[in-house]
Amino acid sequence: MLLAALCASAVLFPLLGVLASFTDLAASLDTLQHLVSTVIPRAAGETALLVALVAVGVIALGSTSAWLVAAYDFPGRRTFEWALLVPLAMPAYIVAYAYTDFLQFSGALQSGIRASFGWQRGDYWFPEIRSIPGAAFVFTVTLYPYVYLLARTAFLARTASMADAARSLGFSPLRSWLHVNLPMARPAVAAGAALALMETVADYGAASYFGLQTFTTAIYRAWFSLGDRIAASQLASVLLAVVLVLMAFELRARGRARFASAPNSARPAQRAVLDGGRGLVALLACCLPLAVGFVLPMSILIGLAAPAMHELDVSRYLQWLWHSVVLGAGTASITVVAGVAVAYAVRLSSRGAPARAVAVAARLMNLGYAVPGIVIAVGILIPLASFDNALDAWMKAHFGIGTGLLLTGSVAALIYAYVVRYFAVGFQPIEAGLARITPAMDASARSLGAGPLEVFARVHVPLLAPSLFAAALLVFVDVMKELPATLVLRPFNFDTLAVIAFQFAADERLGEAAIPSLTIVAIGVLPVILLSRAISRSSQPGQLTT
């Protein structure tokens, strides 16, 4: 029960801190009325339009590429199985910097067009990258792997009997995909799209760089530009409500339908072989998302970084890298320890109220991943600032000593925000790994006189080692990329690679921004490749043997 209460409190504390903005009803009503008349309509409109465009983009790109890889055999298919996940290593704000430099008026593409045709400004039309459609493009090419990963797994589960039934009804391949395969994969597509939309709503770097006024950028500006704590926290409350509505909508939509997996004995559907022109079309269709989501942005960043390398302050760069590594390693360590404790408590809990309490606490901690980092940051900063101010006043009144800000703007507060935000990322691999350890092993160890801790140390830890490593690696990579919570909570003069890349890009120093950006991508690429290849090996359809 104590563990369950601590787990629930860890997640609820930042959320209650956000909702605390409504305790002063008179002040909150005045501020809320001002926000409703000025900020919220535009933020709601731009956020809704951005979410709608990204939803269409990631579903179209992710489900199409997933279907090609799962249902057809064509040149390069085995490579695309894992390569199509690599854009996950590219943070959206870094892709935004790369494409802005390439597509803006002074960029390489438009400069080449003007040089080729002798045109001047006003002689031609070119889409503006710093716009809502431009931001939707950036989010689509970086977030479609969420849909691709889950949809491909669903498409691989189709059976030969489904294809035979569709053909017996006279369905063409396109009609079979639209009316049979896509509806069966709808829960996976919806789940992947929901993850992509959560990331879109939570983003600050790309939206701010493109000059959009989403809820996340409005919260940051209200806090730091206007100095209005109440406005920032109330906007965070509205954003929290938007996220919860998105989650409820997706769960309710999924709940109206029922889906069943095919039995293991079912004959898997065979891939159709595409050769000649059709194989080339499939190859190009899979090359497109990989090229625009990873290859082209990486090429642009390398081109930007090369001239700036001689101006790099190595000592400062190593300091930014060290800060990022310390935060990532510290968060990963704490998250893995907490994840193991919660997963093991769930495993050991018996039936009844205590077991339900532990299970509910674990689910509550997983909700942190659905809450934008800016909301968690505001929820942590407000109570900590109040506590520090109260403690400072009390110490001055009783001892004449000022304590200043002990917790506000500290590394501990920043790591706590990371743990709340990314606990689910570390918990899921640990929970899955622990579930694969049969309870018979526990019973055998206990029959030999081993206690729960000895069973955990001598039986579970060796078997969980790959899952623990995967959990730590995933959390580490996510922390390296995180921006909005870091901007709000970091200590003074404590910059990370993500923060410094954003600051350089905001000052239009894209060459200098490219170097830390490439470092972040390089750190993120290897785990994504290893993870995607492991998933590819584990999800291969079964082969018939004689």
Side-chain angles (χ1 to χ4, degrees), residues 11-21 31 35 39-40 42-44 46-48 50-51 91-93 96 135 139 143 195-247 327 331 367-385 408-409 413-425 478-491 496 498-499 501-503 506:
V11 173
L12 292 178
F13 178 74
L15 305 185
L16 293 176
V18 170
L19 298 177
S21 61
T31 304
L35 294 175
V39 178
I40 291 180
R42 181 181 173 187
E46 294 196 4
T47 302
L50 182 62
V51 164
Y93 57 88
F139 287 123
L143 299 178
L195 289 173
L197 297 183
M198 295 293 180
E199 294 289 339
T200 302
V201 171
D203 176 81
Y204 172 75
S208 174
Y209 186 67
F210 282 165
L212 306 185
Q213 184 167 302
T214 61
F215 278 112
T216 303
T217 59
I219 292 170
Y220 189 86
R221 290 168 185 165
W223 187 285
F224 288 95
S225 298
L226 302 178
D228 195 333
R229 177 180 62 85
I230 295 178
S233 56
Q234 290 186 349
L235 282 170
S237 300
V238 175
L239 179 57
L240 179 60
V242 170
V243 171
L244 294 178
V245 168
L246 285 174
M247 294 175 60
L327 290 174
T331 303
L367 287 177
Y369 190 64
V371 180
I374 191 71
V375 175
I376 294 175
V378 171
I380 289 176
L381 194 56
I382 292 174
L384 290 186
T408 305
L414 185 55
I415 290 180
Y416 173 64
Y418 291 152
V419 172
V420 173
R421 178 78 168 89
Y422 298 118
F423 176 81
V425 177
D478 274 334
V479 171
M480 292 287 292
K481 298 188 295 183
E482 206 285 332
L483 181 62
T486 311
L487 283 172
V488 174
L489 292 174
R490 77 188 193 280
T496 64
V499 169
F502 173 76
Q503 291 177 344

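Numbers for residues simply follow the sequence, beginning at 1. Just so it is clear, the values below take in all heavy atoms, side chains as well, and ignore hydrogens, waters and symmetry mates.
Of all heavy-atom pairs between Ala417 and Leu489, the closest is CB-CD1, 3.5 Å. Closest approach of Ile376 to Val420, counting heavy atoms only: CD1-CG1, 4.0 Å. Contact detail for Ala485 and Ala377: the closest heavy-atom pair is CA-CB, 3.9 Å. Closest of all the heavy-atom pairs between Glu482 and Gly373 is OE2-CA, 4.3 Å. Closest approach of Phe215 to Ala44, counting heavy atoms only: CE1-CA, 3.8 Å. Counting all heavy atoms, side chain and backbone alike, Pro484 lies closest to Ala202 at CG-O, 4.1 Å.
Note: Thr486 OG1 to Lys481 NZ = 13.0 Å, rounded to the nearest 0.5 Å. The distance from atom OG1 of Thr331 to atom CG of Leu414, rounded to the nearest 0.5 Å, is 7.0 Å. Note that the OG1 atom of Thr47 and the CD1 atom of Ile40 stand 11.0 Å from one another [nearest 0.5 Å].
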Might you work through the side chain to side chain contact (heavy atoms under 4.5 Å, CB included) test for Val488 and Tyr220, ending with a clear yes or no? CA-CA 8 Å; Val488 174; Tyr220 189 86; 4.0 Å; yes
Trace of the side chain to side chain contact (heavy atoms under 4.5 Å, CB included) decision for Ile374 with Tyr204: CA-CA 8 Å; Ile374 191 71; Tyr204 172 75; 6.0 Å; no
Check the pair Arg490, Val499 against side chain to side chain contact (heavy atoms under 4.5 Å, CB included), reporting the backbone distance first and the verdict last. CA-CA 10 Å; Arg490 77 188 193 280; Val499 169; 3.9 Å; yes
Residue pair Tyr418, Asp478: steps toward the side chain to side chain contact (heavy atoms under 4.5 Å, CB included) verdict: CA-CA 9 Å; Tyr418 291 152; Asp478 274 334; over 6 Å; no
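Checked against the 6.0 Å centroid threshold, Phe502 and Tyr93 do not count as a close aromatic pair.
Listed by chain and residue number, nothing satisfies the ring pair (Phe, Tyr, Trp, His ring centres under 6.0 Å) test with Phe210 (two or more places apart in sequence, or in another chain). For Tyr422, there are no ring pair (Phe, Tyr, Trp, His ring centres under 6.0 Å) partners two or more places apart in sequence or in a different chain. Residues meeting the side chain to side chain contact (heavy atoms under 4.5 Å, CB included) test with Ala207, sequence neighbours left out: Asp203, Leu212, Thr214, Thr217.
Side-chain N or O atoms of Arg42 include none that pairs as donor or acceptor with a backbone N or O of Val39 at under 3.5 Å.
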